[in-house]
Amino acid sequence: MSDSPRYRFAPSPTGFFHVGGARTALYNWALALRTGGTFVLRIEDTDESRNSPEWTQGIIDALSWLGIDSQSPRFEGPYFQSQNAELHIAAAMKLHAAGKAYWCDLTADQIQERAKTSGKQGYDGYSRDRGLAGGPGHVLRFRVPEGATIVSDLVRGEVEFANDTIEDFVLLRSNGSPMFLLANVVDDIEMRITHVVRAEEHLPNTPKQQMLWEALGATPPIWAHVPVLVNEQRKKLSKRRDKVALEQYREEGILPNAMINYLMTLGWAPAGDTEIVHWSSMVEEFRLEDVNHSPAFFDIKKLSSFNGDYIRAMSLDEFIQAASPVLASTEAWPADRFSAGVFVQAAPLVQTRVVTLSEIPAMVDFLFLENPAIDDDAWNKTMSADFARTVLADFTAAIASAEWNHDSLKGILETWTEANGLKLGKTQAPIRVAITGRTVGPPLFESLEILGREETIRRLTAGIARLG
RNA sequence: GGCCCCAUCGUCUAGUGGCCUAGGACACCACCCUCUCAAGGUGGCGGCACGGGUUCGAAUCCCGUUGGGGCUGCCA
């Protein structure tokens, strides 16, 4: 039991959940599931960042949306880094006692000044042998040993860093609080983490962390640095310019399964000719050794395509259920005009026509609006046909006593269309615009059937009147 | 600047020395189907960054060049 792998996901609470973090979490989760290991969640709140409970809840909720269930026996946490500060400081003191760390009183300005005069960048180890004591204004620095550090990485292979390119980094700030590098390592040791799977941006930190593991007398974990997610400019996805909040995609009607599937394929591909695969087979197949080495573009178009596939793969009942929150919260129509029964009838017509859930209201709004807005371009384009007035009038008259189903209604228009030597594609247009206000939408005759005879005739009559 | 990583269609990828005339997916285009729009079907466009090696044979191995990216904080 004690030798089963322990993975971890260690986000910092920033108020939203980054899609890059989502992918990292998913990789860790898949690995924990397949290996019978554990997924440890640790909130890295070391910064003075307010200890905001709702942000933590946001992380838990986002993970849960991704299928990472905090109630699962494979799940452990959340732990809070800030609560381990004493442990971090104790570890730092242990390093100091062993001569592996030392106090330094240089300020950032002084370091910069020394660097300028020496022509070298960064901190030069000035206080290494000054034997300073701790105290206000003094930071504790790690004494980087001579030699080289080889990081053995499951996706990168062996990466060698010359230690003389690594400066004596800070362990404890001048106010005594522990830095990320230290806290991260101490927590990982404490939590018996065996595999550190994270984004490649952390690779340059890894030799430092590995030295800390060793200096603290622990065996370093297995490292794996997965490629970063980038935007179309091939820059790391950033909160500032890119749409990175998982919550936003959720709100826009992206299905969790589509997001999970898509995220998993960014840097990795399941076997076979299709990328749309069930989570269970991804868990079965996913290997860090197979993860690609280059940055992956987060392509919303492809995500949307996956989402469309997942929407179409749902049963009708599942689709209706998935749509219900969107229908309930939309402002596309007054809430009291909505009818679940009507939507159920329209649902099969909508399911193949939307890529995200949020597109649903615009597709069915004409069913719930008393007077749907008529698009001017649509109106002008279709009503300028010389047959527009007569088709509206004749169709309106003919359906007054027709059998009320889509086949019957279609038959009526077809008869009229043939008699006038036209095409159904042309003659349905004025009717569609008069009914829905648009040139595109769900199949017309089914829509009329759902709308009902009375309302259909009312709108057609209004359309004729509008023609003047 | 320094350190490190990376390099297959526009994009995500398959490919681990001969099965490659480089496969799939997204996007795009065309056609079919069709009451609009979708969905679906069929087909098409399009790539191993470049230069040297190694080898009987290289997208696959090595070196270099070029080009991208990450890191370079008393942030995480």
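First the proteins, then the strands, lettered A, B, ... as listed; each starts at 1.
- The side chain of A:Asn292 places an N or O atom within less than 4.0 Å of a non-bridging phosphate oxygen (OP1 or OP2) of B:A14.
- Comparing A:Ala269 and A:Val355 along RNA chain B, the residue whose closest nucleotide (by nearest heavy atom) sits nearer the 5' end is A:Ala269.
- A:Tyr262 and A:Phe298 have perpendicular rings, their planes meeting at more than 60° on a 0 to 90° scale where under 30° would count as parallel.
- Note on A:Gln351: nothing from the nucleic acid sits closer than 4.0 angstrom, heavy atoms only.
- In this structure, A:Ser174 reaches the bases: a heavy-atom distance under 4.0 Å links it to at least one base atom across the strands shown.
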(request) Would you mind building the protein contact string for nucleotides 32-38 of chain B? One character per nucleotide, 5' to 3', B for base within reach (heavy atoms under 4.0 Å), S for sugar-phosphate only, - for untouched. (result) ---BBBB
(request) Please lay out, stage by stage, how A:Met211 and A:Asn163 fare under the test side chain to side chain contact (heavy atoms under 4.5 Å, CB included). (result) CA-CA 10 Å; A:Met211 286 187 280; A:Asn163 288 4; 4.0 Å; yes
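- Within 4.0 Å of A:Gly122, counting heavy atoms only, lies no atom of the nucleic acid at all.
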(request) Sugar-phosphate means primed atoms, P, OP1 and OP2; the rest is base. With that split, encode nucleotides 63-69 of chain B 5' to 3' as B, S or - using protein heavy atoms under 4.0 Å. (result) ------S
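- Not less than 6.0 angstrom separates the ring centroid of A:Phe306 from the ring centroid of A:Tyr249.
- Residue A:Gly267 is the one, among A:Gly267 and A:Arg312, whose nearest nucleotide of RNA chain B lies closer to the 5' end (criterion: closest heavy atom).
- A:Glu201 comes within 4.0 angstrom of the backbone, heavy atoms only, and of no base.
- Contacts of A:Val139 with the nucleic acid, taken as non-hydrogen atoms under 4.0 Å apart, include base atoms.
- Among B:A7, B:A76, B:C26, the nucleotide with an atom closest to any side-chain atom of A:His293 is B:A7.
- A:Lys302 and A:Glu275 are joined by a salt bridge, as a carboxylate oxygen and a charged side-chain nitrogen come within less than 4.0 angstrom of each other.
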